[in-house]
Amino acid sequence: MSLRRLYWSALARQWRGGVVLLLCSLLEGLPAFFSGRLVELSVDRGFAVGDPAAGLGWLALFGLSAVLGAFGARMVWHQLGKVVEPLRDALVTAVVRGVLHDDSPPRNQPDSSGVARITQHVEVVRDATAGLLVQARGMLVTTASALAGLVTVAGTLVVPVALPVVLALIVFTCLLPSLARRQRALTLADEHTAATAGASLSGMRDVVACGAQPVAALATYDAVDAQAQAAIRVARSSALRALVISLGGFAPLLLALSLAPGLVASGELTAGAALGALVYLATTMQPALRGLAATASTVVLRLLVALRRLAETAELPDVADGTATPRGIDVRVHGLTFRWGASAEPVVRGLDLGLRPGEHLAVVGPSGIGKSTLAGLLTGMLAPQEGRVLLGGVPVRDVAAAVRHELVALIPQEAYVFAGTVRDNVSLFAPSASDDDLSSAADAVGAGALLRRLGGLDAEIGHGGEGVSAGEAQLLALARVYASAAQLVILDEATSHLDPVTEARAERAFAARGGVLVVIAHRLSSALRADRVLVVDGRETAVGSHAELVARSARYAQLMQAWATPVPDHAATGARPPAGAGGEPADISTGSPVGGGAAAGGAPSGNGRTTLSPSVDDGGSATTGGAPAGGGSTVTMGLPAEHDSRCNRIDA
């Protein structure tokens with residue numbers, strides 16, 4: 001549904017409140033309709049004939065009509081919230097949906113532009129709609145009532161009075177497009193200022209560390225200056241239009257004052273009728289016209305510009321939902337190719353892969369090589385240029401969205417924790433799960449101690465995961481998916497903030513859970529725990545067990561070598577190591593230092609530092625990830641306890 005249709009449908013659903021507003025408007029328009037007529041009667045049938053009591057009586061009726069009009073205006077404000085607030089909720093929902101479906105969202109930082117759309121543009125639409133319902137509606141009713149009253153009191157003045165009003169409205173309408181363009185420019189400048197300032201403030205620590213304060217300040221100054229210039233241009237256009245409308249409002253009054261004496265002298269008008277006509281023009285029509293012009297040049301334009309801007313970012317293309325039903329949970333990839341752009345090099349090229357239920361695959365490769373892109377292709381979030389991804393024998397993007405969301409789960413590196421209780425977070429994908437099931441899921445992935453520290457499932461989590469660290473947020477995300485019914489689980493560096501022991505426990509829990517597990521590895525120890533390993537390396541890919549890939553994949557061997565090799569003490573100083581010093585790179589296939597020395601798990605010869613196996617079980621004992629296929633020996637690699645942090649990452 002387009003945003004304009006959403007806007008009007010949201011208003012239409014509040015038709016009962018609209019009917020009440022209409023009735024209140026009729027009551028509010030009573031003074032405008034009767035004012036001039038009652039003044040005429042008070043003069044012609046009271047004061048002019050020597051009966052001041054009658055004149056005061058007609059004026060008392062005028063006062064009563066004013067009281068009734070004020071009561072009607074008060075009722076309008078009571079009904080306004082019932083019409084406007086549901087509209088605001090619908091618009092906020094549309095904006096959030098658009099942000100969540102953004103093809104290129106900001107990573108690792110707040111979406112300042114999206115926040116501006118919610119806090120500024122949606123509020124503009126809400127306030128403008130409320131203003132139209134209160135001001136423009138009342139002004140239209142008042143103007144129509146005044147014109148109707150003028151016809152009954154002084155019909156001969158209608159034509160000369162209406163002519164300047166019509167001319168002013170025509171000129172005003174012709175000038176509106178330029179004001180709309182300038183208002184839109186101001187809206188975009190507001191967004192740019194919010195995005196620029198938000199980026200600088202969120203990255204203030206890095207800005208200060210790099211000495212980039214002048215650059216950040218200059219960018220903010222430029223954005224604020226552009227916003228100020230846009231605001232000045234809007235103000236100038238608004239002033240010109242206000243001048244046109246003011247002339248259109250004063251000219252009828254001047255014409256009436258110049259024509260009324262002659263009409264009274266000729267007997268076409270009574271003195272009371274002339275005075276009543278002036279009352280209609282001076283106290284009712286002129287303020288109404290000025291207010292209507294002000295509303296049209298500000299409220300209406302802001303409303304249209306804000307709706308257009310929201311539509312550009314919140315409207316989603318109509319995507320037909322799939323109808324296919326997968327037969328099982330096995331995954332088959334045939335000739336898969338994907339590139340970010342028509343002329344870009346493919347990040348995934350001609351990939352063939354098969355995964356059966358119960359299988360555990362680790363994906364390794366250098367940073368930026370396309371591992372996360374592969375995760376998007378497997379889940380159906382991205383469409384390949386060539387090849388197919390089959391889930392249960394059918395293309396994954398052809399599976400109905402509701403079914404795909406139930407069967408497939410992707411946990412990204414940036415774990416999301418929502419404000420609410422721990423139960424709300426863990427049961428997000430399993431709303432009917434019992435507390436015992438949720439607690440069991442948390443215990444399985446190693447989050448049991450976290451739940452106890454937070455105070456159980458009823459504990460509250462603040463906005464933005466307040467009180468929860470990055471690693472604890474990842475544990476909650478893991479427990480959330482573990483408790484769900486997902487059968488294809490992809491962990492995209494979802495344990496990057498966890499220690500190796502907790503990471504191993506979580507991966508083993510998902511592997512034992514059943515279904516298909518794909519781990520985009522943060523540490524290469526994940527490869528040792530997997531049944532098979534997929535090495536992603538641009539033009540070439542390789543799939544096999546750890547032992548097979550060590551023997552035939554140069555890239556995999558290099559990654560393992562860099563991960564397992566201790567950083568020598570002379571790396572920081574530039575000094576050459578003394579003869580006989582340890583720190584030689586470990587032999588990947590045997591785990592022994594090249595040229596002899598201690599076996600894996602012991603201290604390399606000469607350096608005295610202990611080494612650990614890259615895979616650690618839950619109890620802390622050194623393990624190896626299993627025996628390689630085709631042999632009975634265990635594959636180990638020495639890893640120094642005091643290794644550099646980069647030795648813990650794939651992209652060493």
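It should be emphasised that the depicted structure is a prediction, and the values quoted were computed from it without experimental measurement. Throughout, numbering of the chain's residues begins at 1 and tracks the sequence.
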Heavy-atom side-chain contact between Leu377 and Leu382 under 4.5 Å: yes

To the closest 0.5 Å, what do you measure between CG (Leu41) and OG1 (Thr270)? 9.5 Å

Looking at every heavy atom in both Pro412 and Tyr416, which two are closest together, and how far apart are they? CG-CE1, 4.0 Å

Any chance you could lay out the side-chain contact (heavy atoms from CB on, under 4.5 Å) test for Arg45 and Asp51, step after step, and finish with the verdict? CA-CA 7 Å; Arg45 300 185 183 183; Asp51 188 0; over 6 Å; no

A side-chain contact here means heavy atoms from C-beta on lying under 4.5 Å apart; do Val422 and Leu476 qualify? yes

On a heavy-atom basis, which atom in Ala477 and which in Ala415 lie closest, and how many Å separate them? CB-CB, 3.9 Å

Starting at CZ of Arg233, measure out to CG of Leu186 and round the result to the nearest 0.5 Å. 9.0 Å

Parallel under 30°, tilted from 30 to 60°, perpendicular over 60°: which one fits the rings of Phe338 and Trp340? perpendicular

Work out which heavy atom in Pro52 is nearest to a heavy atom in Gly50; give both atom names and the distance. CD-O, 3.3 Å

Does Asn425 offer a backbone N or O that forms a donor-acceptor pair with the side chain of Arg480 under 3.5 Å? yes

Can a donor-acceptor pair be found, under 3.5 Å and without considering hydrogens, that links the side chain of Ser200 to the backbone of Ala197? no

With a 6.0 Å cut-off (strictly less than), is the heavy-atom count around CE of Met204, excluding the residue itself, greater than 12? yes

Can you tell me how far the OG1 atom of Thr220 sits from the CG atom of Leu201, to the nearest 0.5 Å? 7.0 Å

Could you check if a side-chain atom of Asp424 sits within less than 4.5 angstrom of a side-chain atom of Phe418, using non-hydrogen atoms only? no

Note: Ala459 and Leu454 closest approach over all heavy atoms is CB-O, 3.0 Å

Once you round to the nearest 0.5 Å, how far does CG of Leu61 lie from CG of Leu56? 11.5 Å

Within a radius of less than 6.0 Å around CZ of Arg423, do more than 12 heavy atoms belonging to other residues, nucleotides or ligands occur? yes

Roughly how far apart are Glu466 CD and Glu460 CD, rounded to 0.5 Å? 11.5 Å

Value for CG (Leu275) from CZ (Phe47), rounded to nearest 0.5 Å, stands at 10.5 Å

Where the side chain of Thr196 meets the backbone of Thr193, is there a donor-acceptor pair that is under 3.5 Å apart? no

